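Structure first, then comments.
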Amino acid sequence: MNAFTTSGLLLCFLGCCAIYLASPNQRWLVRPLSARPGRALGGILLILGGLALGQAMQAVTAAFVFATWLMLLFSLLPYVAVLRQADGER
Amino acid sequence: MRTDFVRIYKSVHTWTGILTGMALFIAFYAGALTVFKEPLARWVAPPAEMRPVTLADAPQLIARTLAEHPDSARDFTLHLHDAEHLPARLGWQLRPADGDDHDESGVRHFAATLDEGGAVQVNEYRPSELPGFIDTLHRVVGLPFDTDPNRWVMGVVAALYALALISGVVVLLPSLVKDFFALRVGRNLKRMWLDAHNVVGIVSLPFHVVMALTAAVFAFHDGIYALQDQLLHDGKWGSAFQRPKPSAAAAQRDPAAMLTPQALVDKAMVFAPGFVPSMLQYQQVTGPRAVVRVWGKDEAAVSPRARGGFLAIDPYSGKVMSSDFLPGRQSTGNLVISSFFALHMAAFGGSAVQWMYFVLGLAGAWLFYSGNLLWVETRRRKQTREMPEAPVQRRDTRLMAAATVGVCLGCICGISLAMVGGKWLYALAGPAVDATRLLYYAAFFACIGWAFLVGAARSVVPLLWLACGLTLAIPLTSLSGALLPASGLWAHASWASLGVDLTALAGAVALAIMARVTARRIAAGRPDSVWSVPASTTAPVATANQS
C-alpha cells in the first residue's frame with residue numbers, strides 16, 4: 001500500500017469519526033461534538049481522504065475504495081461504542 | 001408517508017427477510033471467507049513434493065511437456081510465483097466434455113516439472129476441495145453443488161433479498177435521520193435488535209444492493225444470454241465472436257519458437273506499468289490461433305475477475321492482441337461490466353479492500369442473524385404482573401429461534417470442521433480421501449438437529465462453544481504440524497497461510513466472547529423468552545413445550 005492510499009484511508013477514518021461524534025446518537029463521548037463544526041470537519045477530512053485515494057489509484061477505483069471504506073467505518077463505529085460501554089461496565 | 005403504506009412494506013420486509021435470512025447468512029459467511037479463497041487453498045495444500053524449476057528453465061519445461069503431453073497444448077498455465085497450492089510451475093486441467101462449466105468435481109489436474117536430468121516429470125494431483133466448496137456454499141446459499149437449478153435457487157433468494165432491501169429502506173425512511181447511528185443497548189431488547197439490524201443495514205445498503213443485483217444476474221446469466229441471443233441476435237451471437245477457422249493447410253507451429261515467459265512478462269509490464277503479472281495462460285500454442293494471457297493484478301485499477309485481468313499476447317511475435325480484460329486499460333463499456341464483477345468480488349484496491357469486504361461480509365451475515373432475532377423478539381409473549389408464571393412462547397418463534405441458531409452456528413461449525421478435517425484426513429489417509437462436503441454437512445445437520453431437539457436456549461451456548469472450539473482447532477492444527485511434523489500434519493510459513501491461522505484465532509476469540517455473553521444473558525435474562533432456560537426443568541425445552 002503506498003503512502004497516498006494509507007493517508008487517504010486514515011483521513012477518511014478521521015472524517016468518519018468526526019461525523020459520528022457530531023451525531024446526537026453517538027455513544028463515545030458524554031456529549032456529541034457541535035453538529036455543524038463536527039460535520040464540516042468530517043466532510044473536509046473525507047474530501048482530503050478521497051483526493052489522496054485519487055492520487056494513488058484510478059478515479060473509479062478510488063471512488064469504489066472510498067465508498068467501501070465509509071460503509072465499513074459507519075457500520076462499525078456504533079458497535080465500537082457499545083464494546084467500549086460494555087468494557088466500562090465490566 | 002402514510003402508515004398503512006409503511007405497514008405493507010414492513011410486512012414485505014419481514015416475510016422476505018424470514019424466507020431468505022438463513023440462506024443469506026450462509027452465503028455471506030462463506031462469501032466473506034471466499035474473499036480469501038487463495039490463502040485458504042494455500043493453507044490447506046500439503047507441502048509440494050515436485051522439484052522447483054526456475055523461470056529461466058521454463059522454455060525447456062514447456063517444450064518437453066508439450067512434446068510428451070500434446071493434450072496440454074490446448075490450455076496450460078505457467079505460474080510466475082511459488083505458492084503452497086501450486087505443486088509445480090506448469091499445470092493444466094482436463095475437463096469432462098459434458099461437464100457443467102462451474103462443476104469442478106470431474107476436472108483432472110496435472111502438474112509438470114523437470115527432474116535433475118532435465119526430463120519432464122508429470123504428476124496428476126487432486127487439489128483440496130475446501131476453497132472451491134466454501135465458494136460453492138457462497139454461490140448457491142449452502143447447497144452442495146454449483147449446478148444450474150441450484151443457481152436458480154440462489155437467483156430467487158437474491159431477488160427476494162433485493163425486495164427485502166427496498167422494503168426495509170421504505171420502512172426506515174420516517175425515522176432515518178433521527179435514528180441514524182443509533183444503537184441503544186438496554187432493557188428494551190426489541191429496540192436493541194432493531195438498532196443493531198438497522199445500523200448495518202442502512203449504512204452498508206449500497207454494498208447489499210450491489211450484492212443482490214449481481215447475485216441475481218450471476219444466477220440467471222445463462223438464461224439472460226440465451227434470451228438476448230434469440231431476441232436481438234437471431235441466435236447468431238456465438239458465431240459473431242468466432243474468429244474465422246484456419247485453413248486445413250495451416251501449419252502446426254513449433255512451441256520452441258515462442259518468446260520466453262520472461263520476455264512476455266516484460267512486454268506486459270511495458271504495456272501496462274502498474275500491472276503485476278502472476279501467471280501465463282497459454283492457449284492453442286501449437287496452432288495458428290496461439291495466444292498467451294498474461295494474468296495479473298493492478299491495485300490501482302478495477303479487475304474484471306476475482307483473480308485479476310489479463311493482456312492477450314501472440315506468444316510468437318509478442319504482438320498485443322487484446323487489452324479488453326486488462327485492469328486499467330479497458331474500454332468504458334468493458335469497465336462498466338467489469339465493475340459489477342469487481343464490486344461483487346472485491347477485485348479492486350488490493351488486499352486492503354479484501355479485508356474491508358471480509359468484514360462487510362461478516363457484517364452482512366450479522367444483519368440476517370439479527371433480523372431473525374428481531375423477528376423472534378417482536379413476537380415474544382410478555383409476562384404481565386397478573387401472570388404468576390411466564391407464558392409459554394409461541395411455537396413459531398421457538399422453531400424460528402432454533403432454526404436460526406442451528407443453521408447459522410451449524411454453518412460456522414461445518415466450515416471450521418471441514419477446514420480442520422481437510423488437513424487431518426490428508427495426514428491420516430493421504431490424498432485419496434477428501435471428505436470436505438461430508439464433514440461440513442455432518443456438522444451442519446447435527447447442529448440443526450441438536451437445536452431443534454433441545455431448543456434455542458439450551459443449544460445456543462454449547463453450539464457457540466463448539467464453533468469456538470472447531471475454529472480454534474484451525475490454528476492448533478497448524479501448530480501441531482509445526483511442532484510435530486512426524487504426525488503428517490504441516491504448517492506453512494507464508495503470510496497468506498499464517499493469515500488464515502491468525503484470522504481463525506481471532507474468530508475463535510470472538511465466538512468465545514459471544515458464548516460467554518449469551519450464557520450470561522440466558523442465566524440472568526427474562527423468563528418470558530425463548531432464550532430462557534427454566535431452572536426447574538430438566539427435560540428438553542422442545543418436548544416440554546409441546547406437552
Side-chain angles (χ1 to χ4, degrees), chain A residues 1-2 4-10 12-13 16-29 32-33 35 38-39 42 52-90, chain B residues 177-186 192 195-196 198-210 274 298-303 327-330 332 335-336 338-339 342-343 346-364 366-367 510 513 516-517 520:
Chain A
M1 221 172 9
N2 68 29
F4 277 118
T5 307
T6 310
S7 53
L9 295 177
L10 186 64
C12 290
F13 170 72
C16 288
C17 288
I19 290 171
Y20 175 71
L21 291 175
S23 160
N25 292 317
Q26 66 82 28
R27 292 291 169 106
W28 285 18
L29 304 174
L33 298 180
R39 285 177 199 159
L53 290 174
Q55 292 296 312
M57 47 193 82
Q58 292 184 349
V60 178
T61 318
F64 289 169
V65 173
F66 181 78
T68 306
W69 188 222
L70 257 59
M71 283 189 285
L72 179 64
L73 290 172
F74 282 139
S75 297
L76 292 184
L77 291 177
Y79 281 93
V80 174
V82 171
L83 291 177
R84 280 162 52 100
Q85 188 182 329
D87 272 351
E89 286 169 2
R90 206 167 288 156
Chain B
V177 175
K178 186 169 70 72
D179 288 343
F180 205 76
F181 290 138
L183 182 48
R184 289 156 285 199
V185 178
M192 182 186 79
D195 285 347
N198 289 346
V199 161
V200 175
I202 203 69
V203 172
S204 56
L205 181 70
F207 174 79
H208 286 278
V209 169
V210 166
D298 181 352
E299 288 192 5
V302 170
S303 293
R329 295 299 186 98
Q330 296 184 276
T332 306
L335 179 61
V336 170
S338 293
S339 294
L343 284 170
F348 61 95
S351 55
V353 169
Q354 285 184 307
W355 279 106
M356 290 179 206
Y357 265 61
F358 177 74
V359 180
L360 279 170
L362 294 181
W366 167 250
L367 178 71
I513 292 170
R516 289 187 60 180
V517 170
R520 207 180 305 146

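Values below: all heavy atoms of this structure, side chains included; hydrogens, waters and symmetry mates excluded. Here the structure is a predicted model, which means the values were calculated and not measured. Per chain, numbering begins at 1; letters A, B, ... match sequence-line order.
- For B:Trp355, no part lies under 4.5 angstrom from a heavy atom of chain A.
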What donor-acceptor contacts under 3.5 angstrom involve side-chain atoms of residues 56-74 of chain A, with partners at least two apart or in another chain?
{"unit_1": "A:Gln58", "atom_1": "NE2", "unit_2": "B:Gly328", "atom_2": "O", "d": "3.4"}
{"unit_1": "A:Thr61", "atom_1": "OG1", "unit_2": "B:Ala300", "atom_2": "O", "d": "3.0"}
{"unit_1": "A:Thr68", "atom_1": "OG1", "unit_2": "A:Phe64", "atom_2": "O", "d": "2.7"}
{"unit_1": "A:Trp69", "atom_1": "NE1", "unit_2": "A:Leu9", "atom_2": "O", "d": "2.8"}

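- The number of heavy-atom neighbours closer than 6.0 Å to CZ of A:Phe4, taken from other residues, nucleotides and ligands shown, is 12 or below.
- Using a 4.5 Å cut-off between heavy atoms, B:Val353 contacts chain A through its side chain alone, with no backbone atom that close.
- In this structure, the separation between OG on A:Ser75 and CH2 on B:Trp366 is 13.0 Å, given to the nearest 0.5 Å.
- Of the two parts of B:Ala196, the backbone and the side chain both hold a non-hydrogen atom closer than 4.5 Å to a non-hydrogen atom of chain A.
- Only the side chain of B:Leu335 comes within less than 4.5 Å of a heavy atom in chain A; its backbone stays farther off.
- For A:Leu77, no part lies under 4.5 angstrom from a heavy atom of chain B.
- The part of B:Ala352 that comes within reach of chain A is its side chain, from C-beta onward, which places non-hydrogen atoms under 4.5 angstrom from that chain.
- In terms of heavy atoms, A:Pro78 sits closest to B:Leu183 at O-CD2, 3.7 Å.
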